[in-house]
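Below is one structure, written out as structure tokens; comments come after it.
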Amino acid sequence: MSDTRSDDTPAHRYSAVLAQDIETRWQSRWDDEATFEAPNPAGPLADATKTAERGEPLFILDMFPYPSGSGLHVGHPLGYIGTDSFARYNRMNGRNVLYSMGFDAFGLPAEQFAVQTGQHPAITTDQNVANMRRQLHRLGLSHDKRRSISTTDPAYYRWTQWIFKQIFDAWYDTDADKARPISELVAAFEAGTRPTPDGRPWADLSVTERAAVIDGHRLAYVAEAPVNWCPGLGTVVANEEVTADGRSDRGNFPVFTRNMRQWMMRITAYADRLLDDLDRLDWSDAIKTMQRNWIGRSTGAYVDFASDAGPIRVFTTRADTLFGATFMVLSPEHPLVDELTASSQADAVAAYRSAAAAKSQIDRSDETRAKTGVALGSTAVNPLTGEPIPIWIADYVLMGYGTGAIMAVPCGDQRDFEFARTYDLPIPPIQEPPAAWFAERDIEPTLDTATWPEAFVGDAAYVNSANATLDLNGTASVADGLAATHDWLEANSLGEATVTYKLRDWLFSRQRYWGEPFPIVYDEHGIAYALPDDMLPVLLPETDSFSPRTFDPDDEFSNPESPLDRIDHFIDVELDLGDGPKSYRRDSNVMPQWAGSCWYELRYLDPTNEDALVDPDVERYWMGPDPDIRPDHPGGVDLYVGGVEHAVLHLLYARFWHKVLYDLGHVSSVEPYYRLFNQGYILANAFKDSREIYVDALSVEERDGQFFFEGEPVTREWGKMGKSLKNAVSPDEMYDAYGADTLRLYEMSTGPLDQSRPWETRDVVGMYRFLQRLWRTTIDEDSGELVITDDEPSDDTRRLLHRTIDGVRADMEGLRFNTAIAKLIELNNHVTKLDATPREVAEAMVLMLAPIAPHVCEELWSRLGHDTSLTYEPYPVADPELLVDDEVEIPVQVKGKVRSRVMVPSDADASAIEKIALSDDRIVAMLGGDAPKKVIVVPGKMVNIVI
RNA sequence: GCCCGGGUGGCGGAAUGGCAGACGCGGCGGACUCAAAAUCCGCUGUCCGAGAGGGCGUGUGGGUUCGAAUCCCACCCCGGGCACCA
């Protein structure tokens with residue numbers, strides 16, 4: 001595998017040793033010459049000369065990494081190599097390319113590592129960042145290093161805190177459909193143009209009352225919220241971070257549902273815009289679908305059922321089935337349960353409620369099919385039929401969704417159907433299912449629901465669905481039924497149509513140490529104040545006790561205690577917020593890791609700006625809307641590449657923050673990421689021993705299709721490469737064995753960028769051999785002299801060259817690096833057979849391969865007599881005249897099978913080609929003198945003869 | 001259960017209605033070498049055949065078409081995501 005040189009190895013062969021020499025030399029030169037620095041139109045990174053030389057701006061972005069202690073493995077840079085190749089390709093096409101890399105360095109792993117080792121997370125984070133920078137630099141990524149950021153740098157998180165302030169100081173004006181500064185809301189209350197909640201004049205409200213009203217509008221607000229309390233981590237985790245079995249994503253501790261006061265972000269205010277603007281983005285349909293499903297907009301209706309305790313409001317998406325509602329089910333926690341419980345049922349209801357309370361929400365959703373419940377002994381009135389229907393409680397109805405009460409339509413909802421079967425409740429039909437529905441279930445068509453195996457859901461004509469003023473009978477579609485029912489409910493003041501979302505507000509606080517502190521203090525009334533800009537950043541205080549207080553993982557009733565709570569000099573401060581020095585308490589929470597990644601692309605644009613998060617002119621230059629691309633272009637990064645695991649959370653949060661910044665006038669782009677490309681993963685074999693423990697994959701031996709670790713048999717499986725599966729391969733090993741260019745080529749050659757593919761170390765040598773052959777077409781291995789001729793290439797060679805240029809260009813534009821490489825190998829294999837390589841071909845090949853294997857190409861370019869970097873050399877352009885041949889060989893099929901091939905002039909028309917094909921010896925023989933029934937000719941492509 | 005991907009040689013993959021298997025790995029044979037490694041050259045889907053050549057072949061079954069890996073219908077399998085969300 002590795003390069004073993006001996007005395008008879010040619011002195012100037014392209015070897016791993018030579019590759020390393022070339023690579024480190026060119027990396028130093030790029031650094032010294034600031035080759036990849038992209039000029040801004042204004043500010044400290046402006047350079048009018050360079051801006052004039054470069055063309056249109058192009059912003060290429062990778063999802064930035066978390067700087068883990070184990071460094072990179074070869075799976076990480078798959079996307080980076082792709083973006084780097086694309087960046088280099090576009091520089092050669094005259095674009096001003098912004099391409100950099102930062103580090104998402106706050107978060108729990110560094111904190112937990114610090115707890116284990118006693119070392120401050122800032123120190124380990126810096127070490128990890130330094131190591132990853134070295135590995136990325138060694139890979140030859142063409143980053144503009146001036147623009148790199150770390151989310152943990154106070155100069156960076158100062159602006160994370162500043163953005164939080166903007167969100168805190170903003171409210172969503174549903175009339176204008178945008179966020180506005182909170183000061184404009186206060187002005188409207190003061191002027192009386194906007195009524196206060198209880199109608200009293202604003203001036204009559206106490207300070208606390210005003211604060212409560214304002215806080216109720218803020219886009220960042222504190223609320224008592226049901227959260228997932230994880231005593232084992234000592235912190236709350238977001239719903240999105242809880243695994244299916246009710247444990248924490250990280251650490252795998254039990255998670256309990258508890259009410260706590262937490263910072264929330266009102267992302268739901270943006271639900272419609274987050275949904276609608278997906279149409280303006282160049283993202284895959286798969287990702288758009290995932291975001292749409294996550295936002296989960298659905299049209300439904302609230303319906304009021306009269307009862308002894310007043311109207312009970314339910315939410316339904318199927319108001320059209322209201323005629324079939326024969327009972328109602330409340331959540332056991334519903335506030336009206338006590339009032340509606342008949343004395344005879346009191347004991348049973350109490351027992352059921354305490355049993356339900358003992359189960360977590362996760363447990364309740366885990367109970368797959370068994371339906372349980374208790375009747376309260378009272379009734380409500382179906383507003384359409386006027387009939388009394390019994391009220392039940394059941395734990396499949398959750399207080400956290402809708403109104404905590406449902407109308408049950410057993411014939412049209414599977415859960416209600418099962419519940420009705422279990423408790424012998426009537427199941428009247430209100431739709432007549434089509435014949436096919438019965439046929440599929442192997443029963444005779446009937447409206448006798450006793451024979452139905454399940455509920456019917458879908459479009460079908462309604463039956464039994466009429467009262468004095470509403471008649472759905474005969475209506476055949478659910479959409480029409482819904483529209484008619486919604487109109488009727490609203491006209492009769494018995495309900496209202498509404499739009500609901502699955503999306504919930506974003507829980508934004510963490511009781512941890514290693515994150516951004518909130519720029520918030522509280523006065524003696526507990527009123528929150530955002531600190532003025534000149535008090536930012538709020539520095540994370542030094543401490544040697546940075547772990548949150550953890551508890552017995554099973555101690556559900558423990559309470560969180562942030563590490564910052566223990567630092568008195570941080571928490572208790574005296575500040576002058578404009579009305580003289582006063583005592584305040586700081587907020588002791590820190591922000592979640594998502595915060596720093598919600599806006600980092602903006603800081604790459606203007607990384608040292610101390611007056612603004614980004615200069616507006618600079619932002620407009622790189623990210624502004626571009627009607628040349630499309631009329632409704634929303635602006636944003638030109639290409640964003642990253643893993644599909646961020647399809648929902650990161651991408652939704654970042655879009656939300658960006659839209660707030662847009663509404664408040666801080667950015668010109670409506671969306672942060674215009675084109676999104678999801679790269680695949682590098683997969684690798686992983687091996688488990690008989691105890692089901694992963695063993696070091698690199699030490700596993702294969703014998704006769706069986707796998708052994710230290711002599712013991714092990715089983716093989718597939719997995720994403722990584723530390724947990726003990727199958728990580730370090731890029732450093734590949735640099736030593738082959739060099740970075742070979743690694744880059746290998747990763748790009750194994751398949752399309754958006755597809756996951758297995759890592760096979762033994763396959764890497766193929767690209768190494770290719771680079772050796774490429775080297776030999778230019779350099780004599782023994783003497784080191786050029787083997788280039790200045791003679792014109794032959795016509796064949798030149799045509800192949802231009803076909804290759806044409807194909808490679810198209811592949812590079814489409815990020816199809818695997819097929820671009822294949823075409824270049826074919827061209828090189830052709831050139832290898834020539835006595836000497838024509839300069840014209842050698843130079844074009846070097847330029848074409850340079851984006852993917854930049855170091856060796858720079859070296860060859862230099863040896864070919866050029867004294868500047870090829871970074872800004874024009875990428876070769878194909879001559880269209882050389883793409884068409886005089887004659888082409890086309891297949892001749894008989895009944896769809898290829899039986900012969902003929903040469904025809906490339907501009908021959910169908911009848912001429914037919915004549916040539918029919919006179920071919922083999923075809924004549926097959927026809928045996930008969931005339932063909934039919935001949936199909938596709939000029940330039942093929943002939944098909946039907947006999 | 002629902003949603004989204006995907007199934008092509010021994011392996012990664014190419015071909016998006018027109019020559020299935022480009023390119024690479026591996027394998028086999030050869031050159032160089034005392035030898036091995038490295039490097040280079042040739043062959044390599046499968047079956048029948050001495051050969052020329054022919055049959056079969058893109059998860060399975062059907063369909064559309066002069067022609068299907070590609071389009072349509074049904075099914076099977078693999079990967080990922082979501083789930084008492086009314």
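On a predicted model such as this, the values are computed, not experimentally measured, just so you know. In what follows, chains carry the letters A, B, and so on, assigned in the order in which the sequence lines appear, proteins first and then strands, with residues in each chain numbered from 1.
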- Task: Give one of base, sugar-phosphate or nothing for A:Ile936, where a contact means two heavy atoms less than 4.0 Å apart.
- Result: base
- Out of B:G13, B:G54, B:G18, whichever nucleotide has its closest atom nearest the side chain of A:Gln755: B:G13
- Measure the distance from CG on A:Leu824 to P on B:G24 and round it to the nearest whole Å. 12 Å
- For residues A:Ile779 and A:Val787, determine if any side-chain heavy atom of one lies less than 4.5 Å from a side-chain heavy atom of the other. no
- Item | From B:C40, B:G13, B:A86, nucleotide with atom closest to A:Arg769 side chain | B:C40
- Task: Return the nearest nucleotide to the side chain of A:Arg13; candidates are B:A38, B:A86, B:G12.
- Result: B:A38
- Using whole Å, report how far CZ of A:Arg773 lies from C1' of B:C40. 10 Å
- Between CD1 of A:Ile890 and P of B:G67 the distance, given in whole Å, is 19 Å
- In terms of side-chain heavy atoms, does A:Arg757 have a donor or acceptor partner in A:Thr750 at a distance below 3.5 Å? yes
- Message: What's the closest nucleotide to the side chain of A:Val765 if the choices are B:G42, B:U39, B:G12?
- Response: B:U39
- Item | Lys/Arg N to Asp/Glu carboxylate O, A:Arg803 vs A:Glu826, below 4.0 Å | no
- For atom CZ of A:Arg899 and atom P of B:G54, their distance in whole Å: 6 Å
- Item | Full working for ring pair (Phe, Tyr, Trp, His ring centres under 6.0 Å) between A:Tyr746 and A:Tyr738 | CA-CA 11 Å; A:Tyr746 170 69; A:Tyr738 301 107; 9.2 Å; no
- Query: What integer distance in Å separates A:Ile406:CD1 from B:A86:P?
  - Reply: 11 Å
- With distance as the sole criterion, do the side chain of A:Asp763 and the base of B:C25 form a donor-acceptor contact below 3.5 Å? no
- Rounded to the nearest Å, what distance is computed from the CD atom of residue A:Gln772 to the C1' atom of nucleotide B:C40? 11 Å
- Note on the structure: With the side chain defined as heavy atoms from C-beta on, A:Phe315 is closest, among B:A86, B:U39, B:C23, to B:A86
- Item | Positions of residues 806-819 of chain A (non-hydrogen atom under 4.0 Å from RNA chain B), listed by number | A:Asn818, A:Thr819
- Item | Gap between atoms CE and P, on A:Met942 and B:A20 respectively (whole Å) | 10 Å
- Any idea which of B:C66, B:C4, B:G13 is nearest the A:Thr289 side chain? B:C4
- Would A:Tyr423 and A:Trp392 count as a close aromatic pair, with their ring centres under 6.0 Å? yes
- Task: Please tell me which of the listed nucleotides, B:U39, B:C23, B:C66, lies nearest to the side chain of A:Asn829?
- Result: B:C23
- Considering only heavy side-chain atoms of A:Arg762, the closest of B:C82, B:G26, B:A20 is B:G26
- Message: Measure CD/A:Glu826 against P/B:A14 and give the value in whole Å, please.
- Response: 14 Å
- Please round to the nearest 0.5 Å and tell me the distance separating atom CG of A:Asp320 and atom CD1 of A:Ile430. 6.5 Å
